[in-house]
Structures are given as C-alpha cells and as structure tokens.
Amino acid sequence: MALRFFNTYSREIEEFEPRDPAKRPIRMYTCGPTVYSRAHIGNFRAYIFEDLLQRHLELRGYKVHRAMNITDVDDKTIRGAREAGVPLAKFTEQFKKAFFEDAMALRIKRADEFPCATDQRYIDRMIEMIRTLISKGLAYQADDKSVYFRINKFPGYGKLAHFDLSQLQSTGRVKHDEYDKEHIGDFALWKAWDEEDGDVKWDSPWGSGRPGWHIECSAMSTALLGDQIDIHCGGVDNIFPHHEAEIAQSEGVTDKRFVRYWLHCAHLLVDGQKMAKSLGNFYTVPDVLAKGYTGRELRYALLRVHYRVPLNFTWEGMNEARESLDRIDEWLMRLREVGEKQTVKRPIEKTELEEALYDDLNISAALGFLFESIRETNRAMDEGKLDAASANAWLEWWKRINSVLDLEPEVEIVVPPEVTQLAKEREDARRKKNWKRSDELRERISAFGWEVRDTKEGPKLTRRGAP
RNA sequence: GGCGGGGUAGCCAAGUGGUAAGGUCGCGGUCUGCAAAACCGCUAUUCGCGGGUUCGAUUCCCGCCCCCGCCUCCA
C-alpha cells in the first residue's frame with residue numbers, strides 16, 4: 001500500500017516518493033524551538049507529530065536523517081537576555097536544556113542533528129548565501145544597513161501559502177520599516193546591529209549585525225541535508241512567512257527545488273483558541289506533570305488526534321488519555337500472563353493499523369483498530385480461547401506497533417513493601433470474612449496509588465497512571 | 001478583504017455513493033463478599049443549515065451559517 005501525505009504546497013494528498021530512496025536516507029527537516037522561554041505543549045504537539053512521522057517512516061523500512069533547528073538568536077531571545085542581565089548564550093542555555101527534558105518526558109525521538117543558529121559554522125553559511133542572493137539581484141542592502149530579500153525578483157514567492165502578494169495586509173504584529181524596504185513584503189536576511197542588541201553581533205560584509213529569522217533554516221538545512229530535502233515540517237503558522245521565505249532563499253541560491261513534501265501540523269487550542277505565549281493561555285510540560293499526569297499520558301493526548309485537525313486541550317482529554325492507556329496496559333499484562341509459558345515468537349499478521357498510518361498518518365483509524373483488537377483478544381482470553389502462542393504473537397505485533405506509538409508503560413514498577421504488607425493483611429482479613437477491615441485496607445492501599453484486585457488467582461496489585 | 005482548516009452522540013473522534021469505527025463518560029447485566037479489571041447489552045433514524053444530482057448523500061455539486069488559524073521574526 002502506498003504511503004500518502006497531504007502536501008501543503010499542492011494542497012493535495014500525494015503519494016510519497018523520496019528523492020532517492022535507494023542510495024540514502026530520507027532527509028527530513030523539522031522546525032524546532034526558539035529558546036526564549038520554555039516551550040509549551042502546543043509546540044510539543046508539532047514535535048510529537050514529527051516524531052510519529054519519523055517512526056512511521058522507519059517502521060516502513062526507510063532510514064531517516066532528521067535535523068531540528070534551535071533558534072537561539074532573535075528579537076525575543078535578545079530581549080530576554082538583556083532583561084535577565086546575562087549573556088545571550090547563558091540565557092538560551094536553560095531553555096535548550098528544558099526543551100530536551102520535556103522532549104524526553106514525551107518520548108520524542110532525538111533528531112540526528114540539532115543545529116543552533118549562533119553556531120559560527122552556520123553564520124558563515126548564512127553570510128555566504130546572502131552574498132549569493134545579492135549577486136543574483138535577489139537581495140539588497142537598504143539604507144538602514146540591513147539586507148533584505150527582494151520578493152519581486154522571485155516569481156514563486158507566495159506559492160506555498162497561496163498568497164497573492166498584492167493582497168497582503170499588515171496585521172500590525174510586526175513593526176515595518178517601510179522607508180527602508182523596496183516592498184513591504186521584503187524580509188530581512190541580515191539585520192544591522194542596533195543598540196538594543198548589545199554585544200549580540202557578528203561581522204559581515206554588510207557591517208555588524210545578526211541573521212534574520214528565516215535564513216538560518218535555509219543555511220542549516222542545506223548544510224546538513226543538502227540542497228534538496230524530502231520532507232519539511234512545522235506548525236501551520238510557519239507556512240507564512242517562515243517557510244515561504246525559506247523556499248525563496250534556498251531556491252534563490254541553489255536554483256533547485258528545495259522541498260518535496262511540506263507537512264504542517266494544526267494548532268493545539270485551549271478553550272477553542274490557539275495556545276500561544278502571547279495569549280497567555282498555555283501550559284508547559286511541567287505544568288501538566290504537576291497536575292499528576294505523566295509524560296506518557298500527555299504524549300497520548302497530543303498524539304491521538306490527526307495532525308491536520310485542530311486539537312482542543314482539556315483536562316477531561318487528559319483523563320481520557322489516562323483511561324485509554326490503562327486499557328492498553330491491562331491488555332498487555334494479560335497477554336504476558338497468557339503467553340508466559342510459550343517462547344516461540346512470531347508476530348500476528350495484522351496490517352490494518354500500519355495501513356491506517358500509510359494514509360496520511362490516520363492515527364484515529366489506527367487507534368480504532370488497536371482498541372478493536374484489544375476487545376477481541378480480551379474476549380478470547382475471558383473465554384480461555386487464546387493460547388500462549390497467539391498471546392505472544394499479539395505481543396510481537398504490539399512491539400512493532402509500539403515502535404511507532406511508544407505508549408508502553410515504563411519498566412515494571414516494584415510494589416513498595418508497605419503496599420505488599422497491607423495487601424497481605426487484607427488477605428488475612430478476607431479469609432476471616434472481615435469485609436469491613438478488608439475494605440479499609442483497600443482504601444489505604446489506594447492512598448499509595450495502588451489498586452488491589454481480587455482475581456481467581458488471588459489478589460493483584462496494579463498501579464494507576466503508570467509513567 | 002485574501003488564503004487555509006474545522007463543524008459527526010454528553011465529551012473526544014474515524015469514515016463511506018447504499019442507510020454511521022474507536023476512545024471516554026453514563027445506564028443495565030455477567031463475574032465479585034463488595035469492588036476493580038474484563039466481557040455482554042443500551043446510548044446519533046442521524047452526520048452545521050437550505051437546495052440540487054442520484055434508485056439512494058453524512059459522503060458529490062451549489063448557496064448560506066458558525067468556530068479556529070495565517071496574511072512578514074508564532075509550532
């Protein structure tokens with residue numbers, strides 16, 4: 001079955017054909033965080049989508065080489081550092097660290113490369129690219145000493161966003177220096193130093209300054225992945241201007257098609273509104289963990305809705321995530337019990353879940369199949385009709401599936417001695433049919449976060465909301 | 001104004017030209033001392049609204065309404 005993705009460029013679902021699948025890995029570039037504050041869970045929705053995409057490609061047998069940039073110089077990082085009274089690098093360091101912590105909590109696979117915009121290697125490359133753009137007439141230095149991209153000289157500008165440049169309206173979000181630019185839509189490649197930048201500056205043929213926002217991605221992606229990359233992802237808000245500008249810069253320099261497939265993730269909403277720092281309606285990963293949820297639960301909550309559909313974040317949704325995961329956990333435990341005695345392992349031949357993902361990562365259909373399978377195998381186990389070999393076959397299947405979803409609970413959690421002791425006392429009480437004491441002890445066990453279940457094989461302790 | 005995304009049960013959410021997956025919640029049942037877990041049953045005569053095409057539309061076409069996003073440094 002063919003792998004298909006919705007390409008923002010064409011606005012159509014297209015069959016995925018990597019540029020050169022035989023000779024080299026798929027080249028994937030994903031827009032990463034701007035490290036001026038801790039990323040919020042809306043940012044992480046995009047990173048989880050990219051994680052799902054990469055893992056799914058790998059399950060399919062592709063090798064993936066992925067780069068994720070870290071923007072560690074821009075207006076906001078400079079302002080933050082100034083306000084904190086620390087050097088830029090020191091200011092951004094804490095948020096880089098936080099980003100990796102949060103990504104790990106959400107089980108996001110590390111990219112192969114995490115280039116930083118302030119790396120001299122990339123600054124040099126940006127300067128080189130800007131030089132080329134100027135020599136081709138695609139860029140110019142204005143009176144304010146900054147260098148701008150001349151969008152009127154690049155005919156394709158606006159094609160990704162499907163914008164007609166004459167229709168552009170200012171939202172007032174960004175201050176325009178209209179006197180200096182030839183066209184209001186011209187964007188900065190190199191920003192001339194000004195006082196507010198303090199000691200944040202690099203030398204260039206156009207004087208001291210710093211890179212514009214978009215050029216870093218063009219420089220780092222082409223430096224690490226080559227002139228032409230297979231997949232480029234980000235949030236929908238990056239379509240314009242950021243990715244549009246990247247196309248203009250990269251293709252302006254190389255004269256080659258920059259990206260084959262543009263994939264964009266819809267926003268995470270709160271109360272029906274986009275989650276954003278500027279609106280103040282955001283949660284960070286630690287905020288969610290502080291409410292008692294695990295990274296795994298948040299991962300599930302952000303993963304379970306198709307990436308192109310806006311997802312409204314709610315605590316009710318977090319609870320649904322918890323309950324759904326508990327269902328999966330219970331199922332795995334039962335399968336392991338049934339499969340224990342049998343060692344021959346061969347996955348069950350079920351491809352529905354993977355096929356759902358082939359269809360533009362249809363995660364909802366995929367999870368639908370997972371839960372249907374869970375119900376069917378649970379029924380078979382209830383009836384004693386699932387043999388050890390089949391249980392193991394399902395476990396092997398799950399192992400494959402879980403390499404994409406990564407939703408399995410952490411290693412077996414050891415039951416604390418206090419809980420074991422309470423469970424023992426409860427069994428004594430139950431033997432004496434002292435139900436009142438038995439129920440009290442169940443309550444006390446529950447207070448430790450554990451649940452005791454009386455099964456035919458005796459009492460069993462399980463942990464609710466496992467990490 | 002331009003360009004997108006979305007509107008399917010209390011909530012979340014797939015899907016198809018032939019009469020609606022799954023999750024969660026709720027109710028009833030089996031099991032249990034009682035529970036829990038699991039399973040069984042019930043829960044949208046209906047897919048934003050109005051037309052059209054069709055034997056048949058939630059699905060295709062036209063018009064309209066509502067929500068969200070982007071329109072030059074937001075994932």
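Any value given below was found using the heavy atoms of this structure, including those in side chains, with hydrogens, waters and symmetry copies removed. A note on names: the letters A, B, ... follow the listed sequences, proteins ahead of strands, and every chain is numbered from 1.
The separation between A:Ile184 atom CD1 and B:rU72 atom C1' is 8 Å, rounded to whole Å. Computed from coordinates, the A:Glu376 CD to B:rG22 P distance equals 10 Å when rounded to whole Å. To the nearest angstrom, C1' of B:rA37 lies 10 Å from NZ of A:Lys460.
On a pure distance criterion of 3.5 Å, a polar donor-acceptor pair joins the side chain of A:Arg442 and the base of B:rC34. In this model, no side-chain donor or acceptor of A:Thr8 finds a partner on the base of B:rG4 within 3.5 Å.
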- Message: One character per nucleotide, please: for nucleotides 13-19 of chain B, 5' to 3', B when the base has a protein heavy atom closer than 4.0 Å, S when only the sugar-phosphate does, - otherwise.
- Response: SSS----
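Ion pair A:Arg4/A:Asp359 flagged as a salt bridge, since at least one NZ, NE, NH1 or NH2 atom sits closer than 4.0 Å to an Asp/Glu carboxylate oxygen. Under the 4.0 Å criterion applied to side-chain N and carboxylate O atoms, A:Asp406 and A:Arg107 are assigned as salt-bridge partners.
For A:Arg327, taking side-chain heavy atoms from C-beta onward, the closest of the listed nucleotides B:rA35, B:rG10, B:rA38 is B:rA38. You'll find that the side chain of A:Glu320 is closest to B:rC11, out of B:rG33, B:rU72, B:rC11. Side-chain atoms of A:Phe187 lie closest to B:rU72 of the nucleotides B:rA36, B:rG10, B:rU72.
Here A:Leu269 lies in heavy-atom contact (under 4.0 Å) with sugar-phosphate atoms only. At a threshold of 4.0 angstrom between heavy atoms, the contacts of A:Ala161 are confined to the sugar-phosphate backbone, with no base atom among them. Residue contacts shown for A:Arg308 are limited to sugar-phosphate atoms, with no base heavy atom under 4.0 Å away. Residue contacts for A:Phe371: at a heavy-atom cut-off of 4.0 Å it reaches the sugar-phosphate backbone alone, with no base atom in range. Heavy atoms of A:His162 sit under 4.0 angstrom from primed sugar atoms or phosphate atoms, though from no base atom. Residue A:Glu316 is in base contact, counting any heavy-atom pair closer than 4.0 Å across all strands shown. Using a 4.0 Å heavy-atom cutoff across all strands shown, A:Ile363 reaches no nucleic acid atom at all.
For the strand RNA chain B, secondary-structure stems (runs of at least three Watson-Crick or G-U pairs, all distances below 3.5 Å) span B:1-7 with B:65-71, B:10-12 with B:22-24, B:26-30 with B:38-42, B:48-52 with B:60-64.
Each of A:Thr118, A:Thr34, A:Thr92 was compared with A:Asp72 under the side-chain hydrogen bond (donor to acceptor under 3.5 Å, both in side chains) criterion, and only A:Thr118 meets it. Screening A:Arg334, A:Arg463, A:Arg296 for a salt bridge (charged side-chain N to carboxylate O under 4.0 Å, His left out) involving A:Asp329 leaves a single residue, A:Arg296.
We find the CG-OH distance between A:Leu298 and A:Tyr293 to be 11.0 Å, quoted to the nearest 0.5 Å.
Side-chain N/O atoms of A:Lys76 include one lying less than 4.0 angstrom from OP1 or OP2 on B:rC74. OP1 and OP2 of B:rC3 both lie 4.0 Å or more from every side-chain N or O belonging to A:Arg11. Between A:Lys274 and the phosphate of B:rC70, there is a side-chain N or O to OP1/OP2 separation shorter than 4.0 Å.
Of the residues near RNA chain B, A:Gly42 and A:Thr455, the one whose nearest nucleotide (by heavy atom distance) lies more toward the 5' end is A:Thr455.
Judged by distance alone, the side chain of A:Arg45 and the main-chain N or O of A:Ala266 form a donor-acceptor pair under 3.5 Å.
At a non-hydrogen distance threshold of 4.0 Å, A:Arg426, A:Arg430 from residues 422-430 of chain A come into contact with RNA chain B.
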